[in-house]
Asker: 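I have a structure I would like to understand better, so I am pasting it below and will then ask my questions one at a time.
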Amino acid sequence: MSSSEVVDLVAEFLQAHGYGRASAVLKSEIEQNARGATSGMETKLEKIIRQAQPGGESSEAPIVSLANGRGTTLAESYGLLEDWVAGSLEAHKHELRSVTFPIFAHCYLKLVQSGSAGGDGRTVAASFFDRWGTEHGVWYAPEVRQLGAVTAAEQIAASDLAQSIVGPARTKFKVPIDRVSSELLHSFLSSNALVELLVICNDHVQLLVEDRPPCQEMAVATLLPNGAAPGTSAGGLETEPMASGAYSRALEEAGAPGGSTLPRHTFLGDPGGYPGTRPYPKLFDGGAPSVPERLLTTAVLHPTEAYPPEAGRNASLRAPTGQVASARTPSVLLATVVNSYKGLACAAVTRDACQVAAGFQDGVVRVWRLDSGAEKLDDSCAELKGHTGGVFALSYSPEHRRLASGGRDGGVHLWDLSTGLCLAVFKGHDAPVWALSFSPAGHYLVAGAADQTARLWATDTSEALRLLVGHYSDVTAVAWHPNCAYVVTGSNDKTARVWEVGSGRCVRVFVGHLAAVTCLAVCPSGKYLATGSQDRDARVWDLDTGKQVAHCKGHQGAIHDLDYSAEGDVLASCGADSTVRTWDLAGAFAVATSRGEDHCAAMAPNSSFHTKSTPVVNVRWTMKNLLLAVGAFEVK
């Protein structure tokens with residue numbers, strides 16, 4: 001095929017895909033060359049085509065595209081795009097900014113692959129990264145760090161992110177954008193004949209054009225499997241119905257949706273179920289070692305008070321027996337770990353407000369009984385030792401007789417709280433375990449780890465029943481759907497995914513956070529999912545439609561934990577800003593969702609509870625709507 005025939009094919013391709021202006025520019029330059037305007041010289045487009053053809057000569061010069069009739073490097077073309085976005089109308093700037101990072105990432109890796117050198121002795125790729133990398137560091141800090149580590153072509157194969165972008169099994173960036181902004185972008189690229197950037201947009205970026213007004217906050221471009229879209233699952237499975245509602249024995253016996261039933265298991269701890277006959281001493285019989293250098297204090301926070309009253313109040317201050325408090329005007333019981341010297345890594349509290357467990361960097365799990373009647377809470381502290389590194393995740397079983405812990409050593413330990421013994425160690429993860437969650441049924445356990453996977457175990461088997469693979473980074477949060485048929489995972493890749501337990505398939509992917517997803521909560525009805533993130537925001541999603549229905553702003557630091565009230569109409573959150581906040585989901589949000597409106601409600605906190613200097617790591621509602629929280633006091 002001659003170069004003129006290839007040029008005609010390129011022009012037809014541009015015309016067919018709506019790039020009429022770019023096609024006209026190419027034809028105009030070809031006509032000028034035919035009239036001898038560039039007699040004796042090979043056109044830049046013909047040179048690009050010849051080098052791109054099999055057997056074509058290689059070039060150490062920077063990759064070239066056409067812009068305004070003159071040759072520009074790929075780096076210069078990207079600079080034109082950035083300048084245009086910076087000078088665009090404020091109404092469309094956030095929408096257009098969402099597209100720049102995928103183009104930046106592809107341009108940088110193309111320059112790395114070319115290996116061309118600049119005039120200052122540095123590579124063109126290095127200069128390009130230094131110029132534009134900081135522009136994206138605010139929204140894409142982890143991705144920018146990973147791209148910055150790729151400085152040579154041979155390093156691309158060793159980078160998971162680079163392989164996802166330009167590797168053989170590469171996937172497309174998905175970017176939601178309104179229709180007007182999309183047309184403005186294509187018009188700019190076409191009119192300036194930025195062919196290389198057009199190719200990147202066509203082949204490597206999927207613009208999800210929506211008929212809506214432009215957003216006034218930037219949407220995050222995300223790498224998802226081909227065919228997936230933000231707020232949906234791979235292959236558009238947002239239309240696949242999900243079973244909702246609470247757990248029932250009939251559902252377990254019938255098996256999870258998908259036709260694959262998990263094996264039934266005997267729950268450890270049932271009467272006669274423990275294999276040993278030795279009468280082990282009770283963990284809280286008074287013989288447990290005390291820890292004088294670590295004290296647990298409790299205080300009750302009231303909505304009208306900015307700081308807690310005096311520490312050391314009786315931990316049994318909670319809703320009277322038989323009385324259910326209002327979740328919209330809650331009281332908060334805060335358990336504060338003091339003298340921990342920043343050693344507290346995670347915490348968990350039972351819904352009956354009787355026990356608090358905390359995991360520490362020294363590899364020890366410490367458990368306190370809040371209803372022991374002891375004058376000092378240290379007298380009711382017990383230590384569970386077995387991990388060889390820090391403990392980063394804890395989860396109580398539904399009946400509060402078992403405690404699961406995971407940490408740096410990659411193992412998941414199952415503890416019997418009546419004896420203090422480790423019943424089992426589940427091994428499978430080869431990286432630190434960041435998150436754990438017992439199922440509502442009690443005998444299944446899911447763990448998320450730094451190896452980018454989640455594993456599901458039964459408490460009486462040593463082998464994982466399910467391996468959930470799909471995230472592009474650490475799995476930092478896990479949660480169960482109330483009906484036990486689905487597991488939800490959150491990751492440093494800024495996404496949350498819903499997995500069908502019966503088949504192990506991913507059936508939803510939720511995209512919207514600007515940083516790592518740190519915590520998850522599914523409402524008791526099973527209809528809504530709440531996600532918290534390091535971007536300081538919480539978002540609420542409709543599990544049926546895959547759409548975001550609420551955006552909760554108010555925290556001044558990363559959100560550490562989320563939990564729904566017993567009725568599911570109030571969401572509680574806690575975070576690194578040393579606060580506990582609640583969000584009323586029964587107001588405008590409930591009205592909009594009941595009408596079926598495709599609307600995302602912007603929400604402010606219903607109430608905020610401040611601590612003096614205690615970043616709160618765990619929050620939990622009791623069945624009587626007392627709000628329990630745990631954190632470690634930090635001396636500033």
Asker: Please say which of H106, Q206, H204 ends up in a side chain to side chain contact (heavy atoms under 4.5 Å, CB included) with F173.
Answerer: H106
Asker: Working to the nearest 0.5 angstrom, can you tell me the gap between F609 CZ and T579 OG1?
Answerer: 10.5 Å
Asker: Are R366 and F360 in a cation-pi contact, defined as NZ or CZ under 6.0 Å from the six-membered ring centre and within 45° of the axis?
Answerer: yes
Asker: With a 4.5 Å limit on heavy-atom distance, are the side chains of K174 and L208 in contact?
Answerer: yes
Asker: For a quick check under 3.5 Å, do D130 and S127 share a side-chain donor-acceptor pair by atom type?
Answerer: no
Asker: If we ignore angles and hydrogens, is there a donor and acceptor under 3.5 Å between the side chains of Q155 and T151?
Answerer: yes
Asker: Return the minimal non-hydrogen interatomic distance between P176 and E95, and the atom names on each side.
Answerer: O-OE1, 3.7 Å
Asker: When rounded to the nearest 0.5 angstrom, what distance separates CG in N606 from CH2 in W583?
Answerer: 10.0 Å
Asker: Which pair of heavy atoms, one from Y78 and one from T100, lies closest together, and at what distance?
Answerer: OH-O, 3.4 Å
Asker: Taking ring-ring contact (aromatic ring centres under 6.0 Å, His included) as the criterion, tell me which of Y108, F129, F101 meets it with H136.
Answerer: F101
Asker: So for atom CZ, which belongs to R351, do other residues, nucleotides or ligands contribute more than 12 heavy atoms lying within a distance under 6.0 Å?
Answerer: yes
Asker: Looking at every non-hydrogen atom in both residues, tell me the closest pair between S437 and A479 and how far apart they are.
Answerer: OG-CA, 4.1 Å
Asker: Testing the 3.5 Å rule here: is there a donor-acceptor pair between the side chains of S573 and H555?
Answerer: yes
Asker: Would you sort out whether L147 and L161 count as a side-chain contact (heavy atoms from CB on, under 4.5 Å), showing the intermediate values?
Answerer: CA-CA 8 Å; L147 288 175; L161 178 61; 4.0 Å; yes
Asker: Any side-chain donor-acceptor pair under 3.5 Å between R408 and H387?
Answerer: no
Asker: Please tell me whether D493 and T495 have a donor and an acceptor in their side chains that are separated by less than 3.5 angstrom.
Answerer: yes
Asker: What is the distance from atom CZ of R170 to atom CG of D203, rounded to the nearest 0.5 Å?
Answerer: 8.0 Å
Asker: Is any side-chain N of the basic residue among D563 and R620 closer than 4.0 Å to the acidic one's carboxylate O?
Answerer: yes
Asker: Give a yes or no on whether the backbone of L96 and the side-chain of S181 come within a donor-acceptor separation of less than 3.5 Å.
Answerer: no
Asker: Indicate whether the side chain of S405 and that of H413 have a donor and an acceptor atom separated by less than 3.5 Å.
Answerer: no
Asker: Nearest heavy-atom pair of F438 and A404: which atoms, and what distance?
Answerer: CE1-CB, 3.8 Å
Asker: Considering the options L111, T123, L74, which one meets the side chain to side chain contact (heavy atoms under 4.5 Å, CB included) requirement together with F128?
Answerer: L111
Asker: List the atom of A152, the atom of V112, and the distance in Å for their closest heavy-atom pair.
Answerer: C-CG1, 3.5 Å
Asker: Would you call K494 and E143 a salt bridge, taking side-chain N to carboxylate O under 4.0 Å as the test?
Answerer: yes
Asker: Assess whether side-chain contact (heavy atoms from CB on, under 4.5 Å) is satisfied between T518 and H560, documenting all intermediate values.
Answerer: CA-CA 6 Å; T518 55; H560 290 159; 5.8 Å; no
Asker: How far apart are the C-alpha atoms of R97 and E82, what are their side-chain angles, what is the distance that settles it, and do they pass the salt bridge (Lys or Arg N to Asp or Glu O under 4.0 Å) test?
Answerer: CA-CA 9 Å; R97 174 62 60 186; E82 282 281 358; 2.7 Å; yes
Asker: With a 3.5 Å cut-off and no angle check, do the side chains of S473 and S491 form a donor-acceptor pair?
Answerer: no
Asker: Locate the shortest heavy-atom distance separating S340 from A632; write the atom from each residue and the value.
Answerer: OG-CB, 3.6 Å
Asker: Say you draw a straight line from CZ of R455 to CG of L467; how long is it, rounded to the nearest 0.5 Å?
Answerer: 5.0 Å
Asker: Are W457 and F426 an aromatic pair, judged by ring center distance below 6.0 Å?
Answerer: yes
